[in-house]
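Below: one structure, written as structure tokens.
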Amino acid sequence: MAIKILDENTINKISAGEVVERPLNVVKELVENALDANANTISVEIEKSGKKFISVCDNGCGMNKDDLQMSICRHATNKITNFDDLSNTFSLGFRGEALPSIASISMFTIKTQQQGQNSGWQLSMNGESKPEVQPWAGAYGTTVEVRNLFFNTPAREKFLKSDITEKAKIISCLDEIALVRNDINLKIVSDGKVVSDYHKTDSKLQRIEDVLGKNISQKLKHISFGHPKVEIDGYITTRQNSFPQKNMQYLFVNGRCVNYPKWLIHAIYQASKEAIPIGRHPGIILFLKTNPSDIDINVHPTKREIKFVQENQMYELFYSFIKSSLESDAPANIINIQNDSAAKDIAKTDFVPPEYKHSGSYGGIRYPSRQFSVKDYQNVYQTPIINKEETEITSVSEPVKLTQTDLIQQDNFKFIGQIFETYILVEKEKSFYIIDQHAAQERVRYEMFSNQLEQNSLKIQQLLIPDVFELQKSKALLLKNNLGAFKKLGFDVEEFGDNSFRLTAYPALLGNNVNFIEIIDVLVDFLEEEKSTDVEQIKEKIIRASCRTSIKAGDKIYEQQAKSLLRELFACKMPWTCPHGRPTIYTLTLSDLEKFFKRI
């Protein structure tokens, strides 16, 4: 086939695939355009999660007829004039790709009127059709309406998630914008119902409370830092208020929400590792202001990725700042670090941060990534064959696995004791067993919970005083649409306001020394990722989130407790590992010991 230049419509559709993957991208681009037009009041309306209808209305500067017609041309923008301007722009958009990309795959309308003018203009087009421009009279500002997104590219629509998930993504994105722009009014309407109505405020903390909830804002303390290279203003959780998930971490650079670079998230975790327990995560919201020439936002079409110049020096700067913030025990709720000599030295030194690389955890932090499986420990669960005709061991060449039946007889094992307040020691016939008490109880609770679910016999514990809690709006939406699934899992959750709920009952086997609200939050995060709403798929999340209520390493355990735990463990279908895949038992046979001591 001969090489030829693609037609304009095909080019626009291909470009749209890079810029517009889902309704969320349309909403984000249009709201950012409104902000660049200096709007301080923005209204967003969606229907059917943006698939059917999206409207973004603002009170910005508006456009004249010529600018309106140019706005749907590819690479037409008023943000920059040449490549060098990228080093000086604070605008959220600059490529000039969004509007033509959106217009090429939807039924598209723009209504706009400049301030001080008596009338404005309306532009309409349907996908590949020629745009029509006509006079329009309305309020000053701009309204963009997008109908039937992907109507002429149905193959792309089939890759979208469920309506609930797409709506949650849009609300989450708008919440991020609301967090960083507390100086604007932002209203969000979905299917005719007001989801959020944020009113501008001078207080960042008040906006955080409006978006994330009071239960989050109360856990944060204010931090600030002044430096020639970057100005930092933010909020971080204290030592006592870490989170089980990483979803309470936001980064805004020059008013733009971006993903944390690997080096920065590594610096934060390294600085907080002595203040936050293993498996917990800091909540941190950072607002950075820096010279546009010191960052590169033109890394990805969505502008979510960002690069900083002199990242080595910046690493040390943030590491020192976060560490000192967490170490401070001052009663004041603000830490203000000025440009002292130490901070100035940071900008001059060639600091080389510790090596970091992605290891399957968070953003490149090197946590142990060992994967456990039963296969790794087959030799642990083997014992030599006993010659039935003799009472002594005659062969060790053909090992066989122990069975639960071999161990479940309560009179057949002898409790020896506990070592390191972590491991239970047991002797049975010609074998010696070391049991991890925490892993063992995790396995017991996991199978008890699974069995009760399968048999529809889940025991429920009523709360004398219901727990009332509040969720972020996008999470609240997911929880409201999955209350039935939570009911099946033993959590009786009721709506108690727009974004508030109350828990009246929970699975009894979890005990009473557990943060049930935290477990619910973990499950909602799981649902947000669209992994599954099936009970079988998420029950393990409950066990993992509640495993801290099991007997822990360091807990004293007595003989009757130990024997009861072992009987329950060996009655399990899979007693050899905990639900996370770690082994529960290590076995030493008499033959092993005699070989070691050269007796045989």
Side-chain angles (χ1 to χ4, degrees), residues 49 162-172 175 188-198 209-219 243-245 247-248 445 449-450 452-546 548-549:
S49 303
S162 68
D163 285 355
I164 293 298
T165 298
E166 295 297 336
K167 185 190 298 185
K169 288 180 180 294
I170 292 172
I171 294 172
S172 180
D175 282 348
I188 308 169
V189 180
S190 174
D191 297 316
K193 182 179 178 180
V194 176
V195 176
S196 303
D197 193 0
Y198 301 122
E209 180 178 323
D210 293 341
V211 176
L212 303 180
K214 193 171 184 178
N215 59 323
I216 298 296
S217 65
Q218 289 178 336
K219 297 178 180 179
F243 292 97
Q245 301 293 307
N247 62 336
M248 205 54 62
R445 287 195 172 190
F449 187 70
S450 298
Q452 288 182 16
L453 281 177
E454 290 172 3
Q455 299 167 10
N456 294 319
S457 61
L458 190 63
K459 296 178 181 178
I460 304 299
Q461 176 65 51
Q462 297 291 327
L463 284 169
L464 185 61
I465 301 176
D467 278 349
V468 178
F469 60 99
E470 183 181 12
L471 292 177
Q472 188 177 345
K473 290 179 178 62
S474 59
K475 291 186 177 183
L477 181 65
L478 287 169
L479 180 54
K480 287 177 184 178
N481 285 277
N482 289 282
L483 291 177
F486 279 82
K487 182 80 171 178
K488 291 180 181 179
L489 293 166
F491 290 93
D492 198 346
V493 183
E494 304 170 352
E495 293 187 50
F496 199 64
D498 289 340
N499 303 301
S500 298
F501 302 84
R502 67 174 185 175
L503 175 70
T504 59
Y506 64 91
L509 64 85
L510 297 183
N512 54 13
N513 186 28
V514 62
N515 188 334
F516 300 107
I517 308 306
E518 191 172 278
I519 294 177
I520 291 173
D521 194 53
V522 169
L523 294 178
V524 172
D525 286 338
F526 180 72
L527 292 173
E528 193 169 21
E529 297 174 7
E530 186 83 349
K531 289 184 178 177
S532 177
T533 57
D534 183 72
V535 169
E536 288 298 315
Q537 293 295 317
I538 60 179
K539 67 182 179 183
E540 184 177 340
K541 290 289 179 180
I542 295 179
I543 298 300
R544 292 192 177 191
S546 63
R548 63 178 58 87
T549 63

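These figures come from a predicted structure and were not determined experimentally. Position 1 is the first residue of the sequence, and the numbers go up from there.
- Take Lys480 and apply the side chain to side chain donor-acceptor pair (under 3.5 Å) test, not counting sequence neighbours, and it matches no residue.
- Gln452 places a side-chain N or O within donor-acceptor distance of the main-chain N or O of Lys459, the cut-off being under 3.5 Å.
- Glu166 pairs by the salt bridge (Lys or Arg N to Asp or Glu O under 4.0 Å) definition with Arg22, not counting sequence neighbours.
- Take Ile216 and apply the side chain to side chain contact (heavy atoms under 4.5 Å, CB included) test, not counting sequence neighbours, and it matches Leu212, Leu220, Phe243, Met248.
- Looking at residues two or more places apart in sequence or on another chain, you find no ring pair (Phe, Tyr, Trp, His ring centres under 6.0 Å) involving Tyr198.
- Residues passing the ring pair (Phe, Tyr, Trp, His ring centres under 6.0 Å) test with Phe501, sequence neighbours excluded: Phe469.
- Under the rule for a salt bridge (Lys or Arg N to Asp or Glu O under 4.0 Å), the partners of Lys487 that lie at least two apart in sequence or sit in another chain are Asp492.
- For Asp521, the salt bridge (Lys or Arg N to Asp or Glu O under 4.0 Å) partners are Lys475, not counting sequence neighbours.
- In this view, Asp467 satisfies the side chain to side chain donor-acceptor pair (under 3.5 Å) rule with no residue, not counting sequence neighbours.
- Judged as a salt bridge (Lys or Arg N to Asp or Glu O under 4.0 Å), and not counting sequence neighbours, Asp197 has no contacts.
- In terms of the side chain to side chain donor-acceptor pair (under 3.5 Å) criterion, residue partners of Asp210 (sequence neighbours excluded) are, by chain and number, Gln206.
- Partners of Gln218 under the side chain to side chain contact (heavy atoms under 4.5 Å, CB included) rule, at least two apart in sequence or in another chain, are Lys214.
- With sequence neighbours left out, Gln461 forms a side chain to side chain donor-acceptor pair (under 3.5 Å) with no residue at all.
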